[in-house]
Amino acid sequence: MAQEQPFSWLEGRASRIAPRLLGTKLMRGDRVGLIVEVEAYEGQADAASHAFRGPTERSRVMFDRAGLLYVYRSYGVHWCANVVCGSVGQGSALLIRAIEPMPPTEGMWADRPKARAPSDLGSGPGKLCAAMGIDGSHYGLDLLGARSPVRLVAGPEVDPARVVVGPRIGISKATERPWRFAIAGNPHVSRPWPKGPAGQRGPLGK
DNA sequence: GACAAGATTGACT
DNA sequence: GTCAATCTTGTCC
């Protein structure tokens, strides 16, 4: 039957659709995390993106279709998860930077032995991958597929007025782009929001 | 083939 | 606040 396509909005521009990923649920087995912080990376137009210099063995999935999972190794230690977005050949993706466990499970605690509070489970791109059990074996899978081991499921809609915007974290290029988005005041955000002009709150306008 | 840098985390001062 | 760990990827010669 003609199934609706609830995630067709992923085909838009990364920095524009990033806020809409907030409030979406990331699911793997019995583990569920509400996405509360993301960053936008706009493919070959973005010097901070892994896709900036065109497709490589690592980044090739970024140039595939929206809704696929791009996982990469960070500092040789952690895994980080991205949702491919935009159109085929563009290389755009959304980095999931933090989740709120819904709820924390035994499996999450077991895979995050250093965590002492629920907010330690998913408050960072490396942390949330560990808590969700996401690693390189999930590279390229379809997050919109009903039978995928890792899936995105629509969650409660987030009021644009509750979305804060700021500069991206941990990068050395294109740092001026305000492409980090989070749910205002959520305790699971990876790092405190900057004060002053650099970290303006919504609304998102353009 | 060699080397520098990296979308982070956690331990330590 | 500062800094080391750890190793893969991408770039350059």
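So you know, we letter chains A, B, ... as the sequences are listed, proteins then strands, and number each from 1. From a predicted model like this one, the values you see are computed outputs, not experimental measurements. All values below come from the heavy atoms of this structure, side chains included, with hydrogens, waters and symmetry mates left out.
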Open item on the list: Quick test of the criterion, 5.5 Å between centres and less than 30° between planes. Is A:Tyr72 stacked on B:dA7 or not?
Closed with: no
Task: Between P of C:dA5 and CZ of A:Arg73, the distance in whole Å - done: 17 Å
Task: Whether A:Tyr75 stacks on the six-membered ring of B:dG6 base, 5.5 Å and 30° limits - done: yes
Task: Between P of B:dA7 and CD of A:Glu37, the distance in whole Å - done: 16 Å
Open item on the list: Let's test this: given Watson-Crick or G-U wobble pairing with both distances under 3.5 Å, identify the partner of C:dT6.
Closed with: none
Task: Separation of B:dA7 C1' from A:Tyr70 OH (nearest whole Å) - done: 9 Å
Open item on the list: Please report the distance, rounded to the nearest Å, between CG in A:Asn82 and P in B:dG6.
Closed with: 17 Å
Task: Spacing of A:Arg60 atom CZ relative to C:dG10 atom C1', expressed in whole Å - done: 15 Å
TODO: For A:Arg58 and B:dG6, give me the distance from atom CZ to atom P, rounded to whole Å.
DONE: 11 Å
TODO: May I ask you to evaluate whether A:Arg97 reaches the phosphate of B:dA7, defined as a side-chain N or O under 4.0 Å from OP1 or OP2?
DONE: no
Open item on the list: Within the 4.0 Å heavy-atom criterion, would you say A:Arg168 contacts the bases, only the backbone, or no part of the nucleic acid?
Closed with: nothing
Open item on the list: Taking A:Arg147 first and then A:Asp142, would you say they form a salt bridge - that is, a charged N and a carboxylate O separated by under 4.0 Å?
Closed with: no
TODO: Would you mind telling me which of A:Ile96, A:Val158, A:Leu128 makes a side chain to side chain contact (heavy atoms under 4.5 Å, CB included) with A:Ile35?
DONE: A:Ile96
- [ ] Ignoring backbone atoms, establish whether A:Lys114 has a side-chain N or O less than 4.0 Å from OP1 or OP2 of B:dA11.
- [x] yes
Open item on the list: Please classify the nucleic acid contact of A:Arg112 as base, sugar-phosphate, or nothing, using heavy-atom distances under 4.0 Å.
Closed with: sugar-phosphate
TODO: Determine: side-chain N/O of A:His50 to OP1/OP2 of C:dT9, distance under 4.0 Å, yes or no.
DONE: no
- [ ] Among the candidates C:dG10, B:dT9, B:dT8, find the nucleotide nearest to the side-chain atoms of A:Lys127.
- [x] B:dT9
TODO: Would you mind reading off the distance between A:Arg180 atom CZ and B:dA7 atom C1', rounded to a whole angstrom?
DONE: 12 Å
TODO: Write down the distance between CD1 (A:Ile96) and C1' (B:dT8), rounded to a whole number of angstrom.
DONE: 16 Å
Open item on the list: Whether A:Arg60 engages the ring of A:Tyr139 as a cation-pi pair (distance to the six-membered ring centre under 6.0 angstrom, angle to the ring normal within 45°) should be assessed.
Closed with: no
Open item on the list: If you apply the rule side-chain contact (heavy atoms from CB on, under 4.5 Å), what do you find for A:Trp9 with A:Leu21, and how did you get there?
Closed with: CA-CA 10 Å; A:Trp9 51 269; A:Leu21 195 60; 4.0 Å; yes
TODO: Determine the contact category for A:Ser172: base if any of its heavy atoms lies under 4.0 Å from a base atom, sugar-phosphate if only primed atoms, P, OP1 or OP2 are that close, otherwise nothing.
DONE: sugar-phosphate
- [ ] Quick one: pull up CD in A:Glu100 and NE2 in A:His188 and give me the separation to the nearest 0.5 Å.
- [x] 4.0 Å
